[in-house]
Amino acid sequence: MSTIQSIAGQNEQHPDIALVERVRAGDVSAYDELVRKYERQIFRIAQHITQNREDAEDVMQDAFLKAYEKLDQFQGNAKFYTWLVRIAVNESLMRLRKRRSGKMVSIDEDLKTEEGSVPRDFADWAPNPEQNYNQSELAGILRKTIQGLPHGFRVVFALRDVEGLSTEETAETLGLSVPAVKSRLLRARLQLRERLSRYFKRKTGPVTPSGIDGVLAPQKGN
Amino acid sequence: MTCTEFLQLLDDLIDESVSAPIRSEIEQHIRCCEHCEVVFNTTRKTIEIYRSNEIYDLTPELRERLHAAIMARCRGCR
Ligand SMILES: [Zn+2]
């Protein structure tokens, strides 16, 4: 008895594990809790990969259903969230393949470009530059910018930087090596930075004669 | 430290996984290299902006609809 308690105490069991055990014992409401906890993340990941709202909705439903059906295969020592993410990534890639009519989709494609591996724009950004746009303008800019990244960079950035997976978890989920994840992450971050710079850089005062009128109307945000 | 060496350490710097001596070398480089300072600050800001803004919003209505559909399918498969 005391041994069992001390082992449980040492391992600091993740709360998801208790929920998973309840689901396995036949309590569907425990799965309801797990779905509520992770549906936003799974939907975002599906959107990042498929870039299509309808597909993302389907992926989200299929991923949660598949996870439910395969719950017996889930190893209690892994994190439920990363296990679920892996299912969602695979479902998303399958959906993408279907949409591209059977063409193989690999996360290795489109990576030959050297674009953005070296920074070119060194203009500083305005302080809190995102505040110069309203919420929907900003979301539009961020969507357009990340959608322009090569697929294999976008997925790494989304999992690692947006959804908070570790480098190792990202590597495992995508079937990549840790160095491959690291090199993609750097290039993804630099390319996004470079592209966002267009919108966020500090506005400098008018320099051309045509800008003289602008002196009387200071630029927004400065 | 050169700008190329700085760039190789950028991710570790952002993820705060550099040792103290390397960190002080980096800080020294940034103090006299405006370009790398901008790259560091704006890259960090890029990540922060993506983390704190929802770009694929799941509206409460859509969320409820999808949630109900998932649970109905799960209940139906056992
Ligand atoms: Zn430099």
Side-chain angles (χ1 to χ4, degrees), chain A residues 23 26 28-29 31-32 35-36 39-40 43-48 53 56-57 60-65 67-69 117-119 121-125 128-130 135 138-143 145-146 157-158 160-164 167 182-183 185-186 189-190 192-197 200-201, chain B residues 1-18 22 26 29-78:
Chain A
V23 181
V28 189
S29 73
Y31 199 61
D32 197 276
V35 175
R36 282 196 191 283
E39 55 196 359
R40 287 190 193 79
F43 181 71
R44 278 200 300 261
I45 290 168
Q47 275 270 14
H48 277 300
R53 182 163 201 117
E57 291 179 16
M60 182 177 138
Q61 296 190 47
D62 291 348
F64 276 111
L65 183 71
Y68 185 77
E69 285 169 344
S117 50
V118 175
D121 192 331
F122 298 109
D124 201 3
W125 290 4
N128 303 312
E130 69 275 27
Q135 199 57 49
L138 180 65
I141 290 168
L142 297 177
R143 260 196 310 272
T145 303
I146 199 167
F157 181 83
R160 176 67 176 67
D161 276 343
V162 184
E163 305 307 336
T167 304
K182 285 187 168 173
S183 102
L185 185 64
L186 175 63
R189 286 169 166 181
L190 288 175
L192 289 174
R193 184 204 81 88
E194 199 82 15
R195 291 165 191 218
L196 285 183
S197 206
F200 294 157
K201 65 174 109 181
Chain B
M1 177 175 292
T2 65
C3 296
T4 308
E5 285 167 340
F6 167 82
L7 206 57
Q8 277 159 3
L9 291 163
L10 180 64
D11 275 344
D12 290 338
L13 185 65
I14 287 169
D15 301 330
E16 290 177 2
S17 60
V18 284
I22 304 263
I26 293 170
H29 178 79
I30 280 180
R31 264 197 298 275
C32 46
C33 180
E34 209 184 312
H35 283 184
C36 286
E37 189 188 13
V38 166
V39 169
F40 172 53
N41 289 333
T42 54
T43 306
R44 208 167 43 172
K45 186 74 187 171
T46 297
I47 297 165
E48 189 203 308
I49 289 176
Y50 270 104
R51 247 181 225 163
S52 53
N53 288 279
E54 194 68 79
I55 64 169
Y56 295 119
D57 199 20
L58 197 53
T59 61
E61 297 76 31
L62 179 59
R63 186 173 174 230
E64 281 312 312
R65 184 168 66 71
L66 292 174
H67 188 94
I70 290 165
M71 292 315 295
R73 288 173 67 188
C74 287
R75 285 196 179 88
C77 79
R78 283 224 166 157

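Below, chain A is the first sequence line, B the second, and so on; all start at residue 1.
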Chain B contact via [X] - side chain, backbone, both or neither, heavy atoms under 4.5 Å:
| X | result |
| --- | --- |
| T167(A) | neither |
| F43(A) | side chain |
| R36(A) | both |
| A158(A) | neither |
| E163(A) | neither |
| L196(A) | side chain |

Side chains of D62(A) and R73(B) in contact at under 4.5 Å (non-hydrogen atoms):
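Heavy-atom side-chain distance check passes, below 4.5 Å.
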Are F6(B) and I30(B) packed together at the side-chain level, in the sense that at least one heavy-atom pair is separated by less than 4.5 angstrom?
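Yes, close enough: below the 4.5 Å cut-off.
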Looking at R143(A), K182(A), K201(A), which makes the most heavy-atom pairs under 4.5 Å with chain B?
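With the most close heavy-atom pairs to chain B, the winner is R143(A).
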Most contacts with chain B, counted as non-hydrogen pairs under 4.5 angstrom, among V28(A), L192(A), L65(A), I141(A)
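Looking at each option in turn, the highest pair count goes to L65(A).
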Worked check of ring pair (Phe, Tyr, Trp, His ring centres under 6.0 Å) between H48(A) and Y56(B):
CA-CA 9 Å; H48(A) 277 300; Y56(B) 295 119; 5.1 Å; yes
Give a yes-or-no answer on whether the side chains of R189(A) and T46(B) include a donor-acceptor pair shorter than 3.5 Å.
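Distance-only check fails for R189(A) and T46(B).
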Name the option with the most non-hydrogen atom pairs under 4.5 Å to chain A; the candidates are I49(B), I55(B), N53(B).
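Of I49(B), I55(B), N53(B), I55(B) has the most heavy-atom pairs under 4.5 Å with chain A.
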Looking at C74(B) and Y68(A), what are the two nearest heavy atoms and their distance?
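Closest pair (atom of C74(B), atom of Y68(A), distance): O-CE2, 3.3 Å.
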Minimum heavy-atom separation for E194(A) to P119(A), with atom names?
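Heavy-atom minimum between the residues: OE1-CA, 3.6 Å.
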Part of [X] within contact of chain A (heavy atom distance under 4.5 Å):
| X | result |
| --- | --- |
| L10(B) | side chain |
| E54(B) | both |
| D57(B) | backbone |

Rounded at 0.5 Å granularity, tell me how far CG in N41(B) sits from SG in C36(B).
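Rounded to the nearest 0.5 Å, the CG-SG separation comes out at 11.0 Å.
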Run the side-chain contact (heavy atoms from CB on, under 4.5 Å) check on R195(A) and I146(A) step by step: do they pass?
CA-CA 9 Å; R195(A) 291 165 191 218; I146(A) 199 167; over 6 Å; no
